[in-house]
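Written below as structure tokens is the structure these notes are about.
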Amino acid sequence: MSIAENIKEIRNHIPEGVQLVCVSKFHPCEAIMEAYAAGERRFGENRPQEMQQKAPQLPQDIEWHFIGNLQTNKVKTVVPIATLIHSVSNERLFAEIERCAAKAGKVQDVLVELHVASEETKQGFTPDEAIALITAGFISAHPHTRICGVMGMASNTDDKERIRADFRAIAQTFRRMKETPFSDAPHFRHLSMGMSSDYGIAIEEGATIVRVGSSIFGARDYGNRQ
């Protein structure tokens, strides 16, 4: 199937109101343009240099979502381009995003990355850490960093019940944060979870953004780092 046909098939399974981010990492600009021609405007990258190289070559109405592990020394590369940074995984990143966004004269939309999966290699705050850190005082201290929701990944397993439990824990944390300190913040509305293998379960558990790559573009070309 073509990229356009893959997108049409996925769209048939995504309810209205759930955003699709086409994960284009390691795929060439030509593939992104095929998805663009099929109507997609949100694309996800996980390497700052790759996103920096692709963005000028592609239409300017694309929304770039940074979804990968972000190092503090790469924030200055990502902030001028990204519409939404999904992967704010520690307090130092918040501080650097605030600094770079203020310097760029923008308010950077971000998501708090949560860690609920079984793998120790996953990045992010535990739910309790996120609840303790993100207070009204923390929000006011970061005026150029707008927290719009949370992001998380399920355990890397074939156990669908474990996957569902992980997504449920992420969604529960999102709801707790929505109650306080974001009860009067309409921008706090994004729950980013679910990839090609599990986005259906994620949607059932409340995802508002799903990040789908291989089901759209096919296997990644790891030799292509443009």
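Along the sequence shown, residues are numbered consecutively beginning with 1.
- Leu84 and Phe43 are not part of a single hydrophobic cluster, where members link through side-chain heavy atoms under 4.5 Å apart.
- Here the shortest heavy-atom pairing between Val75 and Cys100 reads CG1-SG, 3.8 Å.
- One finds the NZ atom of Lys8 at 7.0 Å from the CG atom of Asn12 (value rounded to the nearest 0.5 Å).
- Residues Ile97 and Val78 fall within the same hydrophobic cluster, defined by Ile, Leu, Val, Met, Phe, Trp and Tyr side chains chained together at heavy-atom separations under 4.5 Å.
- Looking at every heavy atom in both residues, Glu45 comes nearest to Ser24 through OE2-OG, 2.7 Å.
- A distance of 12.0 Å separates CD1 in Ile62 from CD1 in Ile81, rounded to the nearest 0.5 Å.
- The structure places OG of Ser192 at 4.0 Å from CZ of Arg211, a figure rounded to the nearest 0.5 Å.
- Only one option out of His65, Glu63, Arg42 pairs with Gln19 in a side chain to side chain donor-acceptor pair (under 3.5 Å); it is Arg42.
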**Message:** Apply side chain to side chain contact (heavy atoms under 4.5 Å, CB included) to residues Cys148 and Arg189 and explain how you reach the verdict.
**Reply:** CA-CA 6 Å; Cys148 297; Arg189 58 190 178 90; 5.9 Å; no
**Request:** Apply side chain to side chain contact (heavy atoms under 4.5 Å, CB included) to the pair Ser215 and Ile10, showing each step before the final yes or no.
**Result:** CA-CA 8 Å; Ser215 292; Ile10 290 164; 3.9 Å; yes
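- Under a hydrophobic clustering in which Ile, Leu, Val, Met, Phe, Trp and Tyr are joined whenever their side-chain heavy atoms come within less than 4.5 Å, directly or via other members, Ile85 and Leu111 fall into different clusters.
- Ionic pairing of Arg176 and Glu179 is not present here: no N-O contact between side-chain nitrogen and carboxylate oxygen is shorter than 4.0 angstrom.
- Taking a cutoff of 4.0 Å between a charged side-chain nitrogen and a carboxylate oxygen, Lys54 and Glu50 qualify as a salt bridge.
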**Request:** With side chain to side chain contact (heavy atoms under 4.5 Å, CB included) as the test, would you mind laying out the steps for Thr157 and Ile163 before giving the verdict?
**Result:** CA-CA 7 Å; Thr157 177; Ile163 292 170; 3.9 Å; yes
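- Counted within 6.0 Å of NZ on Lys178, heavy atoms from surrounding residues, nucleotides or ligands total more than 12; the atom is thus considered enclosed.
- The side chain to side chain contact (heavy atoms under 4.5 Å, CB included) with Met193 is formed by just one residue from the set His86, Glu205, Met151; it is Glu205.
- Taking both residues in full, the closest heavy atoms of Ser89 and Phe125 are given as C-CE1, 3.5 Å, listed atom of the first, atom of the second, then distance.
- When the side chain to side chain donor-acceptor pair (under 3.5 Å) test is applied to Gln108, the partners found at least two apart in sequence or on another chain are Lys106.
- What you find for Pro48 and Leu70 is that their closest heavy atoms are CG-CD1, 4.3 Å.
- Residue Glu161 holds its CD atom at 6.0 Å from CZ of Arg164, rounded to the nearest 0.5 Å.
- Residues Ser87 and Phe66 share a closest heavy-atom pair of OG-CD2, 3.8 Å.
- One finds the CD1 atom of Ile203 at 12.0 Å from the CD1 atom of Ile209 (value rounded to the nearest 0.5 Å).
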**Request:** Kindly indicate, with the supporting measurements, whether the criterion side chain to side chain donor-acceptor pair (under 3.5 Å) is fulfilled by Glu98 and Thr145.
**Result:** CA-CA 6 Å; Glu98 175 63 26; Thr145 308; 2.8 Å; yes
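- Rounding to the nearest 0.5 Å gives a distance of 9.0 Å between CD1 of Ile32 and NE2 of His27.
- There is a path of hydrophobic side-chain contacts, each under 4.5 Å, that joins Val110 to Val150.
- More than 12 non-hydrogen atoms from other residues, nucleotides or ligands lie less than 6.0 angstrom from CG of Asp61.
- Inter-residue side-chain proximity for Thr72 and Leu93 is flagged as met; some heavy-atom pair is nearer than 4.5 Å.
- Looking at Asn69 and Asn46, their side chains never come closer than 4.5 Å, going by heavy atoms from C-beta outward.
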**Item:** Phe182 vs Ile147, side chain to side chain contact (heavy atoms under 4.5 Å, CB included): CA-CA, chis, key distance, verdict
**Value:** CA-CA 9 Å; Phe182 294 105; Ile147 301 172; 3.8 Å; yes
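- Residue Ile170 is grouped with residue Ile131 when hydrophobic side chains (ILVMFWY) are merged at heavy-atom distances under 4.5 angstrom, including chains of intermediate members.
- A 6.0 Å sphere centred on CD of Glu91 holds no more than 12 heavy atoms belonging to other residues, nucleotides or ligands.
- Remark: Asp158 CG is loosely packed, at most 12 non-hydrogen atoms of other residues, nucleotides or ligands lying under 6.0 Å away.
- At a threshold of 4.5 Å between non-hydrogen side-chain atoms, the residues His13 and Tyr199 count as touching.
- Here the closest heavy-atom approach between residue His142 and residue Phe94 is recorded as CD2-O, 3.8 Å.
- Looking at Ser140, its side chain does come within 3.5 Å of a backbone N or O of Gly137 through a donor-acceptor pair.
- Put simply, the side chain of Phe174 does not reach to within 4.5 Å of the side chain of Thr208, judged on heavy atoms.
- A donor-acceptor contact shorter than 3.5 Å is absent between the side chain of Gln52 and the backbone of Thr77.
- Residue Arg11 qualifies as enclosed at atom CZ: its count of foreign heavy atoms under 6.0 Å is above 12.
- Within the 4.5 Å cutoff, the side chain of Leu20 has no heavy atoms near those of the Val18 side chain.
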